[in-house]
Novice: 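Before I ask anything, let me first share the structure, which is written out below as structure tokens.
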Amino acid sequence: MSINVTRSSMPSFEAFCDEIRPLWESRWLTNQGLKHQALEEALKSFLDAPYLTLFVNGHQALEGILRVMDLEGEVITTPFTYASTTHAITRTGLTPVFSDIRPDNLTLDPALLEPLITEKTCAILPVHVYGNLCDVEAIEKIAERYHLKVIYDAAHVFGVRKDGKSAAAFGDASMLSFHATKVFHTIEGGAVIYHDPTLTERLDAEKCFGLNDFEYTGSNSKMNEFQAAMGLCNLRIILDEIAKRATVAERYISNLKDIDGITCWTPEDDITPNYAYFPVLIEAERFGRTRDEVSDLLAQENIYARKYFYPLTSAFPCYVGKIDPGHTPVAEKAAADVLCLPMYADLDIHDVDRICDLIIQTKRS
Ligand SMILES: *Cc1c(COP(=O)(O)O)cnc(C)c1O
């Protein structure tokens, strides 16, 4: 049997049926029905969100918040991310300015931001990669000094806390993704968490054609009732799912931590992690094999790890020659070395051991 990099967590079939039964009776299938309202309230409380609005997916949530903030010009961001982050910037008429990342946790390096700020800069869009939190204090200090907005791509940090504070509540706003492959999912789905209540009306208009008075040219990006019902079911099991992921992560760490040429992350003391991914860096000079070789050797055993994120978004054909890729050597090296190993709640410990043994056996030198 093959092992994929991820596997969606599922509530029990009965729990989902119970949750959607009222939809057959009410025939209210979308447009902010009862499930939508219930999920919004439940998430607000689970995530300590000042304000939260649901979207049909994370990408539309990110485009939505960028649009309603009336931004114009340049957004400083990282190329070491999923396509969505960079596409959201360009698709809303903004220009990404790529900055490099920290070698220790692969998030935007605050020490490199100031030289990139110009009169055109309107915002910073960092990504909490794999659940590794950005240096939020340093980034927000810079943003304050230059009057820039900070919008986090928080797709990876559902449930993560720093010193007890919800990781999704930093900056001016954060985007969350509830895609089927994420720790918490609504099949497809997403949300914006924000601090300025005057944005509520604009966000509601954004996801529903401009609402009643068509003051705005909104899109259609509402979450439907079935998505919200899946979210309500998954929220009931989320803490168990994260605890199971923790067991998997701990096994990986104890198997791989002393292998020369492999770097993996252990959660820092002040962080409540969600174990969304299990990335490792494979340094060819020390390990004797490249990341691609390890990935191919695992695939021969029907184990499908993922080169995530590779390539950098700044190297996408749609951007090459059009958008300055900037100078990002750390990000380039990370994209060449990173491999996300299979990680999901019910991944068997014996399979974790087998994956680790296979990796260790490929080592040369
Ligand atoms: C998943 C993801 C997104 C997009 O979310 P969708 O819900 O799939 O639209 C954006 N950014 C990052 C970093 C992601 O991992």
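Just so it is clear, the structure is predicted and the values come from calculations on it, not from any experiment. Side chains included, hydrogens not; waters and symmetry mates left out as well; all remaining heavy atoms used. We count ligands from 1, going down the list as the structure has it; atoms in each ligand are counted the same way.
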Novice: Applying side-chain hydrogen bond (donor to acceptor under 3.5 Å, both in side chains) to His87 and Tyr319, what does each step give before you reach the verdict?
Specialist: CA-CA 10 Å; His87 287 354; Tyr319 296 129; 2.6 Å; yes
Novice: Would you say ligand 1 has an N or O under 3.5 Å from any N or O of Lys182?
Specialist: yes
Novice: Considering only non-hydrogen protein atoms, determine which one is nearest to atom 15 (O) of ligand 1 and report residue, atom name and distance to 0.1 Å.
Specialist: His156 NE2, 2.8 Å
Novice: May I ask whether Tyr344 and Ile355 are part of the same hydrophobic cluster, defined by side-chain heavy atoms of I, L, V, M, F, W, Y residues being less than 4.5 angstrom apart, directly or through others?
Specialist: yes
Novice: Does Arg291 make a cation-pi contact with Tyr310 (under 6.0 Å, within 45 degrees of the axis)?
Specialist: yes
Novice: Look only at interatomic distance and state if Asp153 has a nitrogen or oxygen under 3.5 Å from any nitrogen or oxygen of ligand 1.
Specialist: yes
Novice: Using a 3.5 Å cut-off on N or O atoms only, is Ala155 in polar contact with ligand 1?
Specialist: no
Novice: Quickly, which of Thr90, Leu125, Thr78 forms a side-chain contact (heavy atoms from CB on, under 4.5 Å) with Pro96? Name it, please.
Specialist: Thr90
Novice: Determine, considering heavy atoms only, which of Ser177, Ala276, Ala83, Gly189 sits nearest to atom 5 (O) of ligand 1.
Specialist: Ser177
Novice: For ligand 1, which atoms have a heavy atom of Met175 less than 4.0 angstrom away?
Specialist: 10 (C), 11 (N)
Novice: Just jot down the ligand 1 atoms closer than 4.0 angstrom to any heavy atom of Gly58, in number order.
Specialist: 5 (O), 6 (P), 7 (O), 9 (O)
Novice: Within the 4.0 Å heavy-atom shell around Asn57, which atoms of ligand 1 are there?
Specialist: 7 (O), 9 (O)
Novice: Is Tyr130 close enough to touch ligand 1? Criterion: a residue heavy atom under 4.0 Å from a ligand atom.
Specialist: no
Novice: Would you say His59 and Asn57 are linked by a side-chain donor-acceptor pair, where the criterion is simply a distance under 3.5 Å?
Specialist: no
Novice: Considering both backbone and side-chain atoms of Thr81, is one of its nitrogen or oxygen atoms within less than 3.5 Å of a nitrogen or oxygen in ligand 1?
Specialist: no
Novice: Check whether any N or O atom of His179, backbone or side chain, sits under 3.5 Å from an N or O atom of ligand 1, and answer yes or no.
Specialist: no
Novice: So is His59 polar-close to ligand 1, meaning N/O to N/O under 3.5 Å?
Specialist: yes
Novice: Applying side-chain contact (heavy atoms from CB on, under 4.5 Å) to Lys222 and Val56, what does each step give before you reach the verdict?
Specialist: CA-CA 5 Å; Lys222 303 180 294 290; Val56 68; 5.9 Å; no
Novice: Would Glu188 count as a polar contact of ligand 1, with the cut-off being nitrogen or oxygen pairs under 3.5 Å?
Specialist: no
Novice: Determine the interplanar angle of the Phe309 and His156 rings, folded into 0 to 90°, and report it as parallel if under 30°, tilted if 30 to 60°, perpendicular if over 60°.
Specialist: parallel
Novice: Could you check whether the rings of Phe158 and Phe178 sit parallel, tilted or perpendicular, using 30° and 60° as the cut-offs?
Specialist: perpendicular
Novice: Is a side-chain N or O of Asn105 found less than 3.5 angstrom from the main chain of Leu133, in a donor-acceptor match?
Specialist: yes
